[in-house]
Asks: 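Before we start, here is the structure in question, set down as structure tokens.
Predicted model, so just to flag it, every value in this text is computed and none were measured. Within every chain, numbering begins at 1; the chains are lettered A, B, ... in the order of the sequence lines, protein sequences first and strands thereafter. Below, all heavy atoms of this structure are taken into account, side chains as well, without hydrogens, waters or symmetry copies.
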Amino acid sequence: MNKEADGNELMAICKRRGFIWPSFELYGGVAGMFDYGPLGCTMKNNILEVWRDIYKGREGFVEIDSETVNPAEVFKASGHVDEFSDYMTYCTQCQLPFRADHLVKNFCENPDTMSPAELEGAFSEFGIKCPECGGDLGKVEEFNLMFKTTIGPGSARVGYLRPETAQGIFVNFQNLYRYNREKLPLGVIQTGRGYRNEISPRQGMIRMREFNMMEVELFVDPHDKGWSRFPEVEDEELVLVPNTGTDTVVKTVGQAVEEGIIANRVLAYFVCTTKQLLLRLGIDADRLRFRQHLKDEMAHYAADCWDAEVLLSYGWTEITGIADRGCWDLSRHSQFSGSDLSHFDRFDEPKEMTFMKVQANHRMLGPAFKGKAKDIAAALEAKTPEDVRDGKIVLNISGEDIVLTSEYFEVKEVTEKVTGERVVPHVIEPSHGLDRIFYSLLEHSYFYDEKREYSVLRLRPEVAPIKVGVFPLMEKDGLDVLAKEIYDKVHSTMTEAYYDGSGTIGKRYARMDEIGTPWCITVDYESLEGPDKGTVTIRERDTGDQKRIPADKAAETVRNLVGGLGFSDL
RNA sequence: GCGACCGUAGUCCAGUGGUUAGGACGGAUGCUUCCCAAGCCUCUGACCCGGGUUCGAAUCCCGGCGGUCGCACCA
């Protein structure tokens, strides 16, 4: 066993010590589902708090919490219903799976609109066989990566469990925009579960059917993709794998933008923010890189996308994606809902704008069209000079084509004072897979200590579920009384402590090392009498070094250490 | 979804038709002034589920569920 984590040994610790448990083991288990045990739950919360500290604390973004079950309309607009739903068939002979609509492509007009029965009909009508072995094709089945359900009794209202939390933010854009007093940039964060009905989940916690996300949606002015704090990170280095090749390059954030490797400053800033977050959590810098999505790899909504990848026992694995989703989401929701989801971009000073405009001639329209004149005039003025053909404009008013000749309108130059324009905000999305980050931290902090002959999790104090073990050297002679007093003072939901008086002292240290507890406090006989009366020892996990500190300062000391104070500065 | 392999205490392994399923580690308890998984006592705890064959099944057969790996699928 070496420094690189052995996935099995690590998973054994996780299961044994209560980080994660495969779900429903009592009933045989379900692949791709895991429960967080007490230690895992605490550690997961700690990761969330660090993420919140950066996005809500440092950047001042706002947090919401939206529904996990969404009506179908949401995912029709987002594109997930179409993109995540395929008709599949299997060859009855060689069992290979095929997209049913692809097989009938050469025979039918609109294969993607056909029902399963129509597709099966087409197989027999056109004699379509398995392209691999020529065998008969089986039944056509819909395979959708989203979990489907119904909302309310009956099956009238179709709903889906969200495959990402992002849509909850997009559908609340108007509320959030007003909350932010109609200003951009507008940063919104949300954490919660997403669901994908994976065909065959593998790789443990890496591909889960129900998973936790920490998503950030930053709405920016499409004309301004800068970021005010950009200068702070300009000189920080990033390990990048651009999609122009397969080479890894090291560039500063500033260089990456200047050389056009990363599309814009705001995207680059959040690539860098992601690096800061991951390193602060305890990802090994040598096993972290940012890889740009290939053009054909990009999700249907993404304009540019960088993945934070970490090296795990499974290979390079995506744990965070930072995407520029452009105006896709808001445009689509605007189109499907009929609501205006734009931002009014006020110019610094109003512009005098001169342009050609179609103006209705009300004097002629009124007598000619009577009651319809008002609608016609409005429709007419919505047209542009380019709509004039052969001196005429054709309008369609409630299904009726109306041809207007030039006496009913005038194309003239007008000068207007324009104070701003409506734009659909672009979205920068750093989306973090919480479970994947959680697992990566365990792998990167896993260390087999040759001297001690057991495994140690070198977790950063901020994420370690238990901050300090509190032990009496022996559970008698009043040592246990003092140790329990100290435990009571130190232990809180933010600074979890663990009292242990059983077995030998070495065994207790080992137990704490194995779950990543950074420090242990031990009450010994010197604590009770002699020159060191009133002091206790505190031991550092990674070095085994010990110092004596006053017992009544234990709680304060632990808080300071968690806050970043060095052990050697005690 | 297909194929191969696999399924025994919390964990790792033994048992391959026949008494009460055995060990190690772990966990609990007690003793020893016990600072790095020390020793000793005692205790705890398992044959994935269902059916079949058999006098008798953890063991053989069938089915299911689950796992690992490969293929396929997927971010």
Asks: With rounding to the closest Å, how many angstrom separate the P atoms on B:C69 and B:G10?
Replies: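 Result for the P pair: 23 Å, nearest Å.
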Asks: Quick check on B:G10: is either OP1 or OP2 less than 4.0 Å from any side-chain nitrogen or oxygen of A:Lys15?
Replies: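 So the side-chain polar atoms of A:Lys15 never come under 4.0 Å of the phosphate oxygens OP1 or OP2 of B:G10.
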Asks: Using a cut-off of under 3.5 Å, enumerate the N/O to N/O pairs linking the protein to nucleotides 31-33 of chain B.
Replies:
unit_1, atom_1, unit_2, atom_2, d
B:U32, OP2, A:Lys476, NZ, 3.3
B:U33, OP2, A:Lys476, NZ, 3.2

Asks: CE of A:Met213 versus P of B:A75: gap in Å, rounded?
Replies: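 These atoms are roughly 14 Å apart.
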Asks: Can you confirm whether the side chains of A:Asp500 and A:Ser502 place a donor and an acceptor under 3.5 Å from each other?
Replies: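 Side chains of A:Asp500 and A:Ser502: pair found under 3.5 Å.
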Asks: Please state whether the rings of A:Phe170 and A:His333 are parallel, tilted or perpendicular, taking 30° and 60° as the class boundaries.
Replies: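 Correct class here is tilted.
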Asks: Using whole Å, report how far CD1 of A:Ile515 lies from P of B:G27.
Replies: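 Answer to the nearest Å: 12 Å.
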Asks: Salt bridge or not between A:Arg458 and A:Glu443? Use side-chain N to carboxylate O under 4.0 Å.
Replies: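 Salt bridge: no.
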Asks: Any side-chain donor-acceptor pair under 3.5 Å between A:Thr165 and A:Glu215?
Replies: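 The answer is yes; a qualifying pair exists.
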Asks: Counting only Watson-Crick pairs (N1-N3 plus N6-O4 or O6-N4) and G-U wobbles (N1-O2, O6-N3), all under 3.5 Å, who is the partner of B:C73?
Replies: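 Pairing partner, where one exists within any strand: none, as none qualifies.
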Asks: Should the pair A:Glu67-A:Arg162 be classified as a salt bridge under the 4.0 Å nitrogen-to-oxygen rule?
Replies: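 Judged by the 4.0 Å cut-off on N to carboxylate O distance, A:Glu67 and A:Arg162 do not form a salt bridge.
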Asks: Produce the list of close N/O pairs, under 3.5 Å, pairing protein atoms with atoms of nucleotides 65-67 of chain B; give distances to one decimal.
Replies:
unit_1, atom_1, unit_2, atom_2, d
B:G66, O4', A:Gly28, O, 3.3
B:G66, O2', A:Gly28, O, 3.4
B:G67, OP1, A:Ala31, N, 3.1

Asks: From CD1 of A:Ile206 over to P of B:C74, roughly how many Å is that when rounded to an integer?
Replies: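 Taking CD1 of A:Ile206 and P of B:C74, I get 20 Å after rounding.
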Asks: Would you check if there is a donor-acceptor pair between the side chains of A:Ser66 and A:Gln190 at a distance under 3.5 Å?
Replies: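 Side-chain D/A pair, A:Gln190 to A:Ser66: present.
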Asks: Once the angle between the rings of A:Tyr55 and A:Trp51 is folded into 0 to 90°, is it parallel (under 30°), tilted (30 to 60°) or perpendicular (over 60°)?
Replies: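 Taking A:Trp51 first and then A:Tyr55, their aromatic rings sit tilted (interplane angle of 30° to 60°).
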Asks: Side-chain donor-acceptor pair under 3.5 Å between A:Asp524 and A:Ser527, yes or no?
Replies: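 Note: A:Asp524 and A:Ser527 side chains meet the donor-acceptor criterion.
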Asks: Would you mind pulling out the nucleotide paired to B:G17, Watson-Crick or G-U wobble, both distances under 3.5 Å?
Replies: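 Base-paired to nothing in any strand shown.
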Asks: Quickly work out the A:His80 NE2 to B:C74 C1' distance and round it to whole Å.
Replies: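 In whole Å, B:C74 C1' and A:His80 NE2 are 13 Å from each other.
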Asks: For this output row, return yes or no: ring centroids of A:Phe471 and A:Tyr509 closer than 6.0 angstrom.
Replies: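 Yes, the ring of A:Phe471 comes within the 6.0 Å limit of the ring of A:Tyr509, centre to centre.
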Asks: Does A:Glu25 pair with A:Lys15 as a salt bridge, N-O distance under 4.0 Å?
Replies: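 Salt bridge flag = yes for A:Lys15 with A:Glu25.
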Asks: Once you round it to whole Å, what is the distance between C1' of B:C74 and CZ of A:Phe147?
Replies: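 Taking atom C1' of B:C74 as the reference, CZ of A:Phe147 is at 14 Å.
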Asks: Report the distance from atom NE2 of A:His293 to atom C1' of B:A75, rounded to the nearest whole Å.
Replies: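 It is 7 Å, rounded to the nearest whole Å.
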Asks: Of the nucleotides B:U29, B:C35, B:C36, which has the atom closest to the A:Arg539 side chain?
Replies: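 Of the options given, the side chain of A:Arg539 lies nearest B:C36.
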Asks: Using a strict threshold of under 4.0 Å (side-chain N to carboxylate O), is an ion pair present between A:Lys467 and A:Glu496?
Replies: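 Answer for the salt bridge query: no.
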Asks: If we ignore angles and hydrogens, is there a donor and acceptor under 3.5 Å between the side chains of A:Thr317 and A:Tyr439?
Replies: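 No, because no side-chain N or O of A:Thr317 sits under 3.5 Å from a partner of the opposite role on A:Tyr439.
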Asks: Output the rounded distance in Å from CD (A:Glu164) to P (B:A75).
Replies: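 That distance rounds to 12 Å.
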Asks: So what's B:U42 paired with, Watson-Crick or G-U wobble, going by both distances under 3.5 Å?
Replies: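 Base partner found: B:A28.
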Asks: Classify the nucleic acid contact of A:Asp513 as base, sugar-phosphate or nothing, counting any heavy atom under 4.0 Å across all strands shown.
Replies: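 Counting heavy atoms under 4.0 Å across all strands, no contact is made by A:Asp513.
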Asks: Do the side-chain N and O atoms of A:Asp513 and A:Tyr454 include a donor-acceptor pair separated by under 3.5 angstrom?
Replies: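 Yes, side-chain donor-acceptor contact under 3.5 Å.
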Asks: Could you identify the nucleotide paired to B:A4, looking across every strand shown and requiring Watson-Crick or G-U wobble geometry with both distances under 3.5 Å?
Replies: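 Across any shown strand, B:A4 pairs with B:U68.
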Asks: Under a 3.5 Å cut-off for both contacts, is B:G50 paired Watson-Crick or G-U wobble with anything, and if yes, with which nucleotide?
Replies: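 Here B:G50 is engaged in a pair, and the nucleotide opposite it is B:C62.
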Asks: What's the CG-P distance between A:Asn197 and B:G1, to the nearest Å?
Replies: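 So the two atoms are 11 Å apart, to the nearest Å.
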Asks: Quick one, give me the B/S/- string for nucleotides 37-50 of chain B, reading 5' to 3', where B means a protein heavy atom under 4.0 Å from the base and S means that only happens at the primed atoms, P, OP1 or OP2.
Replies: BB------------
Asks: Answer yes or no: side-chain N or O of A:Arg196 and base N or O of B:C74 forming a donor-acceptor pair under 3.5 Å.
Replies: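 Not at all, since no donor on one side and acceptor on the other fall under 3.5 Å apart.
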